[in-house]
Amino acid sequence: MRTTHLEDNFQQKIDAEERIEPKDWMPETYRKTLIRQISQHAHSEIVGMLPEGNWITRAPTLRRKAALLAKVQDEAGHGLYLYCAAETLGVSRDTLLDELHTGKAKYSSIFNYPTIAWADMGAIGWLVDGAAIMNQVPLCRASYGPYARAMVRICKEESFHQRQGFEIMLTLSKGTPTQKAMAQDALNRWWWPSLMMFGPNDAESQHTEQSVRWKIKRFTNDELRQKFVDATVPQAEILGITIPDPDLKWNEERGHYDFGAINWDEFWQVVKGNGPCNQERMEARIKAHEDGEWVREAAMAYANKQSQKLTEQVA
Amino acid sequence: MNLEFESQDPLVQYCLLLADNVLILGQRLGEWCGHGPTLEQDIALTNFALDFVGQSRLYYQYAAEVLGNPHSEDSLAFLRDVPAYNNIQLVEQSNRDFAQTIIRQFLFDSWHYYFLEQLQHSGDERLSAIAAKSIKEVAYHLRFSSEWTIRLGDGTEESHKKMQAALNRLWVFSQESLNPADYESELISKGIAVDLAQISAKVAQKRKAIFEEATLNMPELIPFFGNGKKGLHTEHLGFILTELQYMQRAYPGLQW
Amino acid sequence: MSAEEWPLFEVFIRSKSGLHHKHAGSLHAADATMALENARDVYTRRQEGVSIWVVESKHIAASDPADSDAFFEPAKDKIYRHPTFYDLPDELKHM
């Protein structure tokens, strides 16, 4: 079969909402785009463990400590599911980690902001996980089977994450004036980075069109961002705290909230590595990987020794 | 609310011993979250941390009920200072590397499992129920830390060296769990606390068997001067509590 | 990237007794014992299972999508294998 014919068949399958599975024929660019997208997502999960992991030892109650541990652990799980999905495309986890550690691969820029107060655990759960869910739910219908299945599992598990964060915010907002100020301060710092999580405006986004056609992206960045704002404004009202955007107002005509301009210079600076915590995040990931090398090596050596013993016994 | 902690009730002291042991170890394991040698092991260690934090809450809740108002699981965990903490010194030792973490874990689990086995038969119904619930988790911990002790002890030359060094370093803390404090002895005579003399042979046997399979040498025991069970700790605990209690100390009396 | 990477395992989980094991996902482990434990820690944190199978991914033989027509098309027109193929009177309530 000629490639164009294969490509037509491939696109037809996708148009018919059929899933592509690992051994199916796929265009090389589809494979590469998926590897980039899935691994970027996986990296975000494991780098994302760091800002929240930061507060595990300082959680203010035992109940909060348990919930935070479980949440950060889930993120490790999600990273793992996603790396495995990427591996079905013929790339090893080691290669992907190497790309992260050498700066070749990107991860969500939001995790380069510092968590300097307990309220940040609330704001991250509420806003960052809220934004992530907006992004992820449509991906449960992504055209690539292993990716879609990983996303189904992730979305199921994530459902407690946002509630966990919102509950922290709610407790603070019902607390003393100091606590309410903590909640407001966290919202002030995390609001704009959360909006940036959806990526550049559609006009600036280089991959959107093809990805939408391939159904590995089911909504554009701007569509998702709008959905997020619309969903979040009423939640902030329940909390009684103010979203730090003077231009935010309901637009009757559009049936959506209008919001102010995003500081894209800041976004690109953080993506480039100049955010407040880029270096620390990378250092921590690289250190974990390097410190773990002797462990991984020893476990493998032991496994090889054991299977050799078994073979000798049989012989 | 600032609770000067003065209860001399042996049952409370015993609950705190059991609670503090697992909370402090859970706190240490929580430090690994996001920094494990593989994602799979990161998740496993966090499971342990969660098991331990969960167990500590059961003991604290019981102690708080015995003490009555205004005590709570959180006041006991967050408002006692170092001398009022009863955990053994083993659990407060720092993570250092994965070898130290695994040896610390195995030394704890190889006691904890046989301890809970007996605590299930405690004359105190509440303690026996907590033990029955916890032992399922701890059976898995023991299996996991035994296997990893063997795997790393008998892995590569480098891993063997690190494991032996860890064992040499932590061995001095290995017996404290088997020596009863006065409040413990009092409860042993009442059939409430576990008679440690009854489990020490099993503990020793398990340790010997696993270290043998791991090709690790059991060091000579050197004298141990600590007494964590009576609030005499290493320098580590103060730092652990500084982090653990930071929020409750900086903003006293608030709901979180 | 110097060390040998832990092999990939496929994980199958029985969610409750009476049901089939179902593919849950994959993970890395140095050996089968570790794979079982990793599977327990990774895939059954929310009581998803009562039994786990793991198998090293390289041991799974899979059909080739290129053979799909030869493998699966021929079953399509054998409708007489299904109970609905047969015309029976309505009076016959259970069969």
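Keep in mind that this is a model prediction, so the values were computed, not measured. Protein chains get the first letters and strands the later ones, always in sequence-line order, with residue 1 at the start of each.
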Closest approach of A:Ala59 to B:Phe78 (non-hydrogen atoms, all atoms of both residues): O-CE2, 3.6 Å

Count the heavy atoms belonging to other residues, nucleotides or ligands that lie under 6.0 Å from NZ of A:Lys174, then report whether that count exceeds 12. no

For the pair B:Glu243 (side chain) and A:Thr57 (backbone), establish whether a donor and an acceptor sit closer than 3.5 Å, ignoring hydrogens and angles. no

Check ion pair A:Arg93-B:Glu40 (N to O, under 4.0 angstrom): yes

Quick one: SG on B:Cys33 to CD on A:Glu75, what's the gap to the nearest 0.5 Å? 8.5 Å

Heavy-atom contact with chain B under 4.5 Å, split by part of A:Gln179: side chain

Between A:Arg63, A:Gln73, A:Met49, A:Arg58, which has the largest tally of heavy atom pairs under 4.5 Å with chain B? A:Gln73

Donor + acceptor pair across side chains of B:Thr156, A:Glu297 (<3.5 Å): no

Using non-hydrogen atoms only, which part of B:Leu45 is less than 4.5 Å away from chain A: side chain, backbone, both, or neither? neither

So for atom CD, which belongs to B:Glu65, do other residues, nucleotides or ligands contribute more than 12 heavy atoms lying within a distance under 6.0 Å? yes

Evaluation steps, side-chain contact (heavy atoms from CB on, under 4.5 Å), between A:Thr61 and B:Glu73: CA-CA 9 Å; A:Thr61 70; B:Glu73 60 172 36; 5.9 Å; no

Where do A:Leu62 and B:Ser56 come nearest, in terms of heavy atoms and distance? CD1-OG, 4.3 Å

Test item: A:Arg64 side-chain N/O and B:Trp256 main-chain N/O as donor-acceptor pair under 3.5 Å: yes

So which heavy atom on B:Asp154 is nearest to which on A:Tyr302, and how close? O-CD1, 3.6 Å

Over all heavy atoms of both residues, which pair between A:Gly292 and B:Pro37 is shortest? Give the atoms and the distance, please. CA-CB, 3.6 Å

Residue among B:Thr38, B:Ile43, B:Ile150 with most heavy-atom pairs under 4.5 Å to chain A: B:Ile43

Looking at A:Ala66, A:Gly48, A:Ala76, which one has more heavy-atom pairs under 4.5 Å with chain B than the rest? A:Ala76

Taking atom NZ of A:Lys305 and atom CZ of B:Arg151, what is their separation to the nearest 0.5 Å? 12.5 Å

Region of A:Met169 that comes under 4.5 Å of a non-hydrogen atom in chain B: neither

Name the region of A:Leu80, side chain, backbone, both or neither, that has any atom closer than 4.5 Å to a heavy atom of chain B. both

Given that the side chain runs from C-beta out, which part of B:Asp42 has a heavy atom under 4.5 Å from chain A: side chain, backbone, both or neither? side chain

Between B:Gln41, B:His160, B:Gln255, which has the largest tally of heavy atom pairs under 4.5 Å with chain A? B:Gln255

Verdict with supporting geometry, B:Lys161 and A:Trp294, side-chain contact (heavy atoms from CB on, under 4.5 Å): CA-CA 11 Å; B:Lys161 242 173 147 173; A:Trp294 70 269; over 6 Å; no

One pair to check against side-chain contact (heavy atoms from CB on, under 4.5 Å): B:Tyr246 and A:Trp118. What are the steps and the verdict? CA-CA 10 Å; B:Tyr246 157 62; A:Trp118 168 251; over 6 Å; no

Is it the case that over 12 heavy atoms from other parts of the model lie below 6.0 angstrom from the CZ atom of A:Arg36? yes

The interface call for B:Ala77 against chain A, heavy-atom contacts under 4.5 Å, is side chain

Heavy-atom distance under 4.5 Å to chain A: side chain of B:Trp148, backbone, both or neither? side chain

Locate the shortest heavy-atom distance separating B:Gly34 from A:Ala288; write the atom from each residue and the value. O-CB, 4.5 Å

Find the one option among B:Arg28, B:Gln245, B:Arg57 whose heavy-atom pairs under 4.5 Å with chain A are most numerous. B:Arg57

Could you check whether any side-chain N or O of A:Asp291 sits under 3.5 Å from a backbone N or O of B:Asp97, counting only pairs where one atom can act as donor and the other as acceptor? no

Between A:Lys65 and B:Gln27: side-chain donor-acceptor atoms closer than 3.5 Å: yes

Let's test your reading of the structure: which of B:Ala99, B:Gly153, B:Gly54 forms the most heavy-atom pairs below 4.5 Å with chain A? B:Ala99

Where is the tightest heavy-atom contact between B:Gln248 and A:Pro60, given as atom of each residue plus distance? NE2-O, 2.8 Å

Report which part of B:Ala250 has an atom under 4.5 Å of a heavy atom belonging to chain A: side chain, backbone, both, or neither. neither

Go through B:Asn47, B:Ile102, B:Val53 and name the one with the most non-hydrogen pairs under 4.5 angstrom from chain A. B:Asn47

Among A:Val47, A:Ile56, A:Asp74, A:Leu69, single out the residue with the greatest number of heavy-atom pairs under 4.5 Å to chain B. A:Leu69

